[in-house]
There are 2 protein chains.
Amino acid sequence: MDPKTQARFAARARIVKALAHPTRLFLVDQLARREICVCKLTEMVGADISTVSKHLSILKAAGIVADEKRGNQVFYSLSCPCLLDLFDCVESALKTTAQKQLALVK
Amino acid sequence: MDPKTQARFAARARIVKALAHPTRLFLVDQLARREICVCKLTEMVGADISTVSKHLSILKAAGIVADEKRGNQVFYSLSCPCLLDLFDCVESALKTTAQKQLALVK
DNA sequence: TTCCTATTTGGTAATATAGCCAAGTTCTCA
DNA sequence: TGAGAACTTGGCTATATTACCAAATAGGAA
């Protein structure tokens with residue numbers, strides 16, 4: 001693999017890695033609908049606020065979400081709505097796998 | 001997060017995690033075009049064959065690729081072509097990020 | 001100021017991942 | 001059979017990730 005190709009796939013992997021966690025996928029899913037503050041997201045996730053904050057910072061570093069401070073709250077939102085299609089992709093991948101397993105059992 | 005929601009996002013995360021590595025993204029990209037044997041993939045990647053084999057087994061466990069033994073070679077192929085759209089998603093996410101950074105510099 | 005809420009950051013321990021080498025398996029072909 | 005090619009698996013070390021707690025920072029209200 002030449003250096004340029006390697007760099008391209010490393011860049012892609014950075015994005016995908018940022019999404020590779022159940023909580024972070026959930027956060028992206030919620031933020032797709034509206035902006036939400038860390039406080040509320042923490043409540044929805046049900047983990048320590050520091051944990052949720054770190055997940056959000058990982059998504060932010062990858063350019064997937066954006067944050068905006070208002071008062072003493074920080075609101076996050078999806079900065080890259082196109083990534084929503086990714087859910088459909090993954091979802092249909094899951095279905096394909098499930099159907100294959102079903103076929104084996106039948 | 002209720003158990004059902006948690007399970008749904010955990011399932012999605014399993015798929016995304018399987019893709020969250022430069023080498024594995026490269027493998028999927030190559031396999032999208034045609035089936036290829038481990039031997040050839042190893043040559044393309046430029047790592048130890050055991051390393052490539054393990055990456056392939058991770059993709060296989062996630063239901064992303066399928067393998068077929070023919071003679072003493074094992075051919076892998078994409079079992080879920082829909083995942084190719086995912087590349088476009090990630091690619092446009094990269095572009096969005098890049099454009100924002102460019103705007104900051106200007 | 002002082003307290004309180006919202007959030008981030010640092011530290012730490014447990015767990016997961018990655019890559020190589022070595023050993024085992026399977027198949028082909030002499 | 002035996003040698004060798006193609007893969008996979010086990011083992012090991014190095015590195016990365018995760019989640020929590022505790023401490024630090026920032027803003028709003030009394």
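Reckoned from all heavy atoms, side chains included, excluding hydrogens, waters and symmetry mates.
- If you check residues 10-35 of chain B against DNA chain C, the residues with a heavy atom closer than 4.0 Å are B/K17, B/H21, B/R24, listed by number.
- The shortest distance between the side-chain N/O atoms of B/Y76 and the OP1/OP2 oxygens of D/dA6 is not below 4.0 Å.
- Near DNA chain C, meaning a heavy atom under 4.0 Å from it, residues 41-53 of chain B has B/A47, B/D48, B/S50, B/T51 in order of number.
- Using a 4.5 Å cut-off on side-chain heavy atoms (C-beta onward), A/Q30 and A/M44 make contact.
- A/T51 places no side-chain N or O within 3.5 Å of a backbone atom of A/A47 that could act as its donor or acceptor partner.
- The separation between A/K60 atom NZ and C/dT8 atom C1' is 10 Å, rounded to whole Å.
- Between the side chain of A/K69 and the base of D/dG28, no donor-acceptor pair under 3.5 Å is found.
- A close approach under 4.0 Å does not occur between any side-chain nitrogen or oxygen of A/H55 and OP1 or OP2 of D/dT17.
- Across the protein-nucleic acid pair, B/D67 atom CG and D/dA6 atom P stand 17 Å apart, rounded to whole Å.
- Nearest to the side-chain atoms of B/I58 among the listed nucleotides D/dC7, C/dA6, C/dA18 stands C/dA18.
- Following rounding to the nearest Å, B/R70 (CZ) and C/dT28 (C1') show an atom-to-atom distance of 16 Å.
- Counting heavy atoms from C-beta outward, A/L59 and A/L19 have side chains that approach closer than 4.5 Å.
- B/L31 has its side chain within reach of B/L41: a pair of non-hydrogen atoms, C-beta onward, lies under 4.5 Å apart.
- Residues B/Y76 and B/I36 are not in side-chain contact: their nearest non-hydrogen atoms beyond the backbone lie 4.5 Å or more apart.
- For the salt bridge (Lys or Arg N to Asp or Glu O under 4.0 Å) condition, the pairs that include at least one residue of residues 65-82 of chain B, sequence neighbours left out, are B/E35-B/R70, B/K60-B/D67, B/E68-B/R70.
- Between C/dA6, C/dG19, D/dC7, one nucleotide has an atom nearer to the side chain of B/Q73 than all others, and that is D/dC7.
- In this structure, B/N72 places its CG atom 13 Å from P of C/dA30, rounding to the nearest Å.
- Residues B/F9 and A/D29 meet the side-chain proximity criterion, which asks for heavy atoms closer than 4.5 Å.
- One can place CG of B/L59 at 16 Å from C1' of D/dC7, the figure rounded to the nearest angstrom.
- Looking at heavy-atom distances under 4.0 Å, A/F75 makes no contact with the nucleic acid at all.
- When all heavy atoms of A/A18 and A/I64 are compared, the closest pair comes out as CB-CD1, 3.9 Å.
- Counting heavy atoms from C-beta on, the side chains of A/R24 and A/F26 never come closer than 4.5 Å.
- Regarding A/L56, its CG atom lies at a distance of 10 Å from the P atom of C/dT7, rounded to whole Å.
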